[in-house]
Number of protein chains: 2
Amino acid sequence: MAVTINDVARAAGISKSTVSQYLNGRFEFMSYETRQRISQVIAELEYRPNALARSLKQKKTNTVAAVVSSILNPFMTNTIRGAEDYCKENGFNLILCNADDDPAQELAYLHTLASKQIDGILISTTGRNNEALRSLNLSGTPVVLFSRHVPEIEADTVCVDNKLGIDLGIRHLMAHGHRRIAFFVLPHSQSPVTPRRERAQAYCDLVREYGLPASEAWLVETTNDEAILSKRIEELLRQEPKPTALFGANDLMTMSLVRVLANKGLRIPQDMAVLGFDDWEWAPYLQTPITVVAQPSYEMGRRAMERLIMRIRSKNDAMPPALEHYEPELIIRRSCGER
Amino acid sequence: MAVTINDVARAAGISKSTVSQYLNGRFEFMSYETRQRISQVIAELEYRPNALARSLKQKKTNTVAAVVSSILNPFMTNTIRGAEDYCKENGFNLILCNADDDPAQELAYLHTLASKQIDGILISTTGRNNEALRSLNLSGTPVVLFSRHVPEIEADTVCVDNKLGIDLGIRHLMAHGHRRIAFFVLPHSQSPVTPRRERAQAYCDLVREYGLPASEAWLVETTNDEAILSKRIEELLRQEPKPTALFGANDLMTMSLVRVLANKGLRIPQDMAVLGFDDWEWAPYLQTPITVVAQPSYEMGRRAMERLIMRIRSKNDAMPPALEHYEPELIIRRSCGER
DNA sequence: CTGAAAGCGCTAACAA
DNA sequence: TTGTTAGCGCTTTCAG
């Protein structure tokens, strides 16, 4: 049987409330000897306060959760590292939940997190559980959104300027002589997820704005499953004129694009230029290092967690929700042609 | 204020113990109407039982933790996925802790996990907190070790047959005409961590056994920091005769090796062959696809979690601890030469 | 079939 | 400066 505060009190010959005071750092009204005594007994007994009991009473767990769409996504893992570091520096525990972009999973997590009385939630949401998120946020469990903005949820949001990112990318491609640009994005037409919509929209707008040749077929809505992607690319290459550059709307998509081209024996950039949205660890070390539009993911994660913890500490008071945009950055490597 | 079991009882016009029965699926002694009524009230009120209170009383949290040395390590992330899946299938929650191979961090996690009354721990330990782990295991929080075996801790362990892995690797290199093989491993002489010791030992033994030329300088003990690694490689190449192949003792090491060689303009395998222990996602897509000795990481993670949950369910009864070895597999790509 | 009562381990007034 | 007391929200005998 685990040792409890009562055991400590008994062994020290004092009452448990004094021990409790000690545990909570209220030494002001405690004799020096008592304090010494308690500290010694605790060490001897290897006493560790039961966090469940404490949290039950205090109504706070000092634990927050990050619910992400996929831990395979390098952008997410970097974001998490930022969030994690900020937590650590501020004495919070972090629970990581991988919702796999599945609304049902996401909702299940929200429920168990709520039942575990988590203090706050950082989430890159599927956008399908807005009521649940709103009600959490309203009922005292602060929620901060990152990467994906959902106007219906009045919560702090940290994301990137998607239009700027696409603009950076397209201008870079143009500078390398590319005019026929295909854009690969996850299905977005009936998805509530904003980044893909914003990026696809920006692509369309900018292609028009810059007077580039356009084709419906060049806005490719597809999963990043490599078999499927492979077919879509074949279709694309069967038509004339073909695009000369492929622009992936996020890291996973670009990674698949690179692999599919490699498996087809197509060289980058000689046979096809490739540009990605989001950077990833291996991008510089591939056969052809990949040029990308990168988000400052680590900082964004830190910042999102900073806001979350601030909300928790301020008890989520009246402050209106803030929407913050970070600037993406173009990292030029070699996949769009030399120069 | 959150809704409690009392609110539900009151709204349903019954006592809270009946509601509790309902929550715990004990419908046997409950009228059908009561049952209906409760279910309806719960839905209306959006009642979610407080897991803290429940766990406090039941003395179990239905939550386990995985403490890993690094989430940047692809071997670990695959292992985690296996563990995660098994948890999910069995109704357990998983908390992921990244100890960063720092014994102090690890110990801190063990303490907070214990205080959170976690039901069990899966760990790839630094080997520096053996007493803590033993005492957890003995005092009712089952511990399962994976990847790293520590004889002093009598707990189930799931790991790979390291000697076999090194043998597979060395024989493959020999088959490609390599005889001067350098082995890159993290500092292990005074580290309690077994895999690196076993692998280094196996390297030494097998080099002797196969009558390969040996040199103290070819057993390179180094961190995988790229700057440092770069220096070590330069030193190695300054001497005659040079090795013709580099064997990385784990994924992170091999990844760094590949990057350092790339940055030096050395071609794989023409200028230097490379072989890795542990596979990783990008290994097949690099300039030269990397040949590796792979561990069945997903299965190992699943299996480790299976044992852990079994221990939890059986209340960690007398069963003697089991040590399981999985077989590694050679995945031939192109980094050791064509053939 | 349902309710009353005690208690899990801890905190927080309030008394002493 | 320390102890008493009353819960936090839930489960679990044990009566009825």
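Naming: A, B, ... by sequence-line order, numbering from 1 per chain. These numbers were taken from a predicted model, which means no experiment stands behind them.
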request  = Return the minimal non-hydrogen interatomic distance between B/C87 and B/L94, and the atom names on each side.
outcome  = SG-CG, 4.0 Å
Residue-phosphate contact under 4.0 Å: A/S15 side-chain N/O, D/dT2 OP1/OP2 = no
ask   = Should A/K16 be listed as having a side-chain N or O under 4.0 Å from OP1 or OP2 of D/dT2?
value = no
request  = Assign B/L23 to base, sugar-phosphate, or nothing according to its heavy-atom contacts below 4.0 angstrom with the strands shown.
outcome  = sugar-phosphate
Whole-Å distance separating the CD atom of A/Q117 from the P atom of C/dC10 = 18 Å
task = Return the minimal non-hydrogen interatomic distance between A/N24 and A/R54, and the atom names on each side.
result = OD1-NH1, 3.5 Å
ask   = Rounding to a whole Å, what distance do you find between B/R37:CZ and C/dC1:C1'?
value = 17 Å
note = B/N50 CG to D/dG7 C1', in whole Å, measures 14 Å
query = Phosphate oxygens OP1/OP2 of D/dT11: is one of them under 4.0 Å from a side-chain N or O of B/R26?
reply = no
A/Y47, nearest nucleotide to its side chain (from D/dT2, D/dC10, C/dC10) = C/dC10
task = May I ask you to verify if any side-chain N or O of B/S55 is less than 4.0 angstrom from the OP1 or OP2 atom of C/dC8?
result = no
inquiry  = Just the rounded figure in Å: distance from C1' of C/dC10 to NZ of B/K116.
reply    = 15 Å
task = Send over the distance from A/L56 CG to C/dG7 C1', rounded to a whole Å.
result = 12 Å
message = Counting neighbours of CD on A/Q36 that are heavy atoms of other residues, nucleotides or ligands and sit closer than 6.0 Å, is the number greater than 12?
response = yes
message = Take a 6.0 Å sphere around NZ of A/K60 and say whether it holds more than 12 heavy atoms from other residues, nucleotides or ligands.
response = no
query = What integer distance in Å separates B/Q58:CD from C/dA6:C1'?
reply = 17 Å
request  = State whether B/Y22 places a side-chain N or O below 4.0 Å from either non-bridging phosphate oxygen (OP1 or OP2) of D/dT11.
outcome  = no
request  = Look at B/T4 and D/dG9 and indicate whether a side-chain polar atom (N or O) is within less than 4.0 Å of OP1 or OP2.
outcome  = no
query = What's the shortest heavy-atom distance between B/A114 and B/L136, and which atoms?
reply = CB-CD2, 4.1 Å
inquiry  = Does D/dT12 have its OP1 or OP2 closer than 4.0 Å to a side-chain nitrogen or oxygen of B/S20?
reply    = no
query = Can you tell me how far P of C/dT11 sits from NZ of A/K60, to the nearest Å?
reply = 11 Å
request  = Compare side-chain N and O positions of A/S17 against OP1 and OP2 of C/dA12 and report whether any pair is under 4.0 Å apart.
outcome  = no
ask   = Within a radius of less than 6.0 Å around CD of A/E46, do more than 12 heavy atoms belonging to other residues, nucleotides or ligands occur?
value = no
ask   = Under 4.0 Å: is that the gap between some side-chain N or O of B/N24 and OP1 or OP2 of D/dT11?
value = yes
key: Length of the line joining B/K59:NZ and D/dC10:P, which is rounded to integer Å   = 18 Å
ask   = Considering heavy-atom distances to DNA chain C, does A/I5 or B/Q21 have its closest nucleotide positioned more toward the 5' end?
value = B/Q21
task = By nearest nucleotide on DNA chain C, pick out whichever of B/K57 and B/S31 is the more 5' one.
result = B/S31
